[in-house]
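For reference, the structure is listed below as structure tokens.
Side-chain atoms are counted along with the backbone in the values below, which use heavy atoms only and exclude waters and symmetry mates. Start at 1 and go down the list; that is how both ligands and their atoms are numbered.
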Amino acid sequence: MAENVLVIGAAGQIGSELVMELRRIYGNEHVFATDIKQPPADIMDSGPFQFLDVMDDKHLIHFVVRNKISQIYHLAAVLSGNAERLPIQAWNINMESLIKVLEVARMFEEVHKVFWPSSIAVFGPTTPKENTPQLTVMEPTTVYGISKLAGERWCEYYYRRYGVDVRSIRYPGLISYKTEAGGGTTDYAVEIFYAAVKNGSYTCFLNKDTRLPMMFMADAIRATIELMEQPLEKLSIHSSYNVAGISFTPDELASEIRKHIPGFTVNYKPDFRQAIADSWPHSIDDSIARQNNGWKHEYDLPRMTEVMLREIRKKFQKN
Ligand code: AKB
């Protein structure tokens, strides 16, 4: 039987790229993009889109039943920076929406697979910073991290108690050119490319030597699809997998950009997001994902920088 895939949060940074890849795999008509805001034109033009607020569980259930949904990708979330501005609202949105999706998967056995993104934000200041292991101390100090850690526990609970096949990745900072991120701590690594192309200068909200784990979006999409395609028996983690890409500092990224734009300058004006970044790992040990899923990232810093600058220049030429 054909798979019918529901993507919640299709207009976001991950969703806007994942929907197109899922449509390539399952067929345009079988991938239902939903969000509370309108996604990019290619998503609107290539297959079904509907406004759906995941907090409205009646609408969610109706949608799942009417469209015979068999897989759900629940990508909607309030990211780390925005969550610190409105902690209780962020907690409610991040947690309640996940529980609603898990409940739908528990109630309707036609929904046989769920994907939910976790984050490196599940780690905190007491976690080992270098090559952070899959299983380690986890004492997040941000509301976003607390919600992601609790979410991981709920995912594993639904798997063990009800057999819900829910899969997850602890994404590092994601770097992409199609849709900008919104409200995260790693967003500087996207903003910097736009500023470099547009103005030749950037004011960074993190210190120059703040090292964080990052990943180019093409790698993140591949990691997600590869995890979802694995037979369940091959998976040993039912909370969320560590996956690693590249780690760099704002200063290292700026130097790489300078190889293409020699006059590029960066000022450093750290704000409240510095404390969030300081609580996160520098690099991630993803050996379990490598063993279970054959995971390996492809984009290093030079390759990612080249693609980002090329694609962002094309965007500005069009406008
Ligand atoms: C954020 O910065 O909040 C996100 C994340 C690392 O989960 N990009």
Side-chain angles (χ1 to χ4, degrees), residues 9 11-18 73-87 89-91 93-95 97-98 115-125 127 129 132 138 140-152 155 168-194 204-207 210-221 223-224 239-250 253 270-284 286 289 297 299 304 308:
Q13 193 197 11
I14 304 172
S16 63
E17 303 213 20
L18 191 60
Y73 287 72
H74 170 30
L75 308 173
V78 182
L79 297 186
S80 57
N82 280 351
E84 289 310 302
R85 292 187 178 103
L86 291 168
Q89 284 92 327
W91 169 261
I93 291 170
N94 289 356
M95 291 321 304
S97 65
L98 172 61
F115 179 82
W116 173 79
S118 185
S119 161
I120 54 158
V122 291
F123 302 116
T127 303
K129 289 233 176 268
T132 301
M138 294 165 100
T141 46
T142 63
V143 72
Y144 175 67
I146 298 169
S147 74
K148 288 295 183 190
L149 181 54
E152 287 191 8
C155 287
S168 176
I169 284 176
R170 290 175 183 153
Y171 289 122
L174 298 180
I175 297 163
S176 64
Y177 53 83
K178 186 173 176 186
T179 307
E180 283 187 61
T185 301
T186 57
D187 291 10
Y188 91 83
V190 175
E191 290 173 11
I192 195 170
F193 285 103
Y194 283 87
C204 184
F205 58 77
L206 297 183
N207 274 325
T210 309
R211 185 172 300 282
L212 287 171
M214 301 278 186
M215 185 179 283
F216 188 53
M217 186 60 85
D219 274 338
I221 299 295
T224 308
S239 52
S240 188
Y241 277 94
N242 273 14
V243 294
I246 34 184
S247 286
F248 54 78
T249 65
L253 179 54
D271 67 13
F272 71 99
R273 287 168 283 192
Q274 184 64 47
I276 302 177
D278 287 341
S279 76
W280 289 353
H282 295 161
S283 59
I284 298 291
D286 62 356
H297 75 281
Y299 284 81
M304 180 196 79
M308 284 295 288

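Between Thr186 and ligand 1, an N or O atom pair is found at a separation short of 3.5 Å. In terms of polar-atom proximity, defined here as any N/O pair under 3.5 Å, Trp280 makes no such contact with ligand 1. Of the N or O atoms in Thr185, one or more lie within a sub-3.5 Å distance of an N or O in ligand 1.
Scanning all heavy atoms of the two residues, the minimum distance from Gly184 to Arg273 falls at O-CD, 4.0 Å.
Side-chain contact check for Gln274 and Thr210: at least one donor-acceptor pair (N or O, by modelled atom type) lies under 3.5 Å. A side-chain donor-acceptor contact under 3.5 Å links Thr179 and Ser16. In the model, Ser80 has no side-chain atom that pairs as donor or acceptor with a side-chain atom of Thr142 under 3.5 Å.
The atoms of ligand 1 that sit less than 4.0 Å from any heavy atom of Ser119 are 5 (C), 6 (C), 7 (O). Interface atoms of ligand 1 facing Leu79, defined by a heavy-atom separation under 4.0 Å, are 3 (O). Near Gly184, the atoms of ligand 1 lying under 4.0 angstrom from a non-hydrogen atom of the residue are 1 (C), 2 (O), 3 (O).
A donor-acceptor pair is defined here as one N or O able to donate and one able to accept, closer than 3.5 Å; no such pair exists between the side chain of Ser147 and the backbone of Trp91.
Under the side chain to side chain contact (heavy atoms under 4.5 Å, CB included) test applied with Ile175, the options Gln13, Met308, Met217 reduce to a single match, Met308.
Contact annotation: for Ser80 versus ligand 1, heavy atoms closer than 4.0 Å belong to both the backbone and the side chain.
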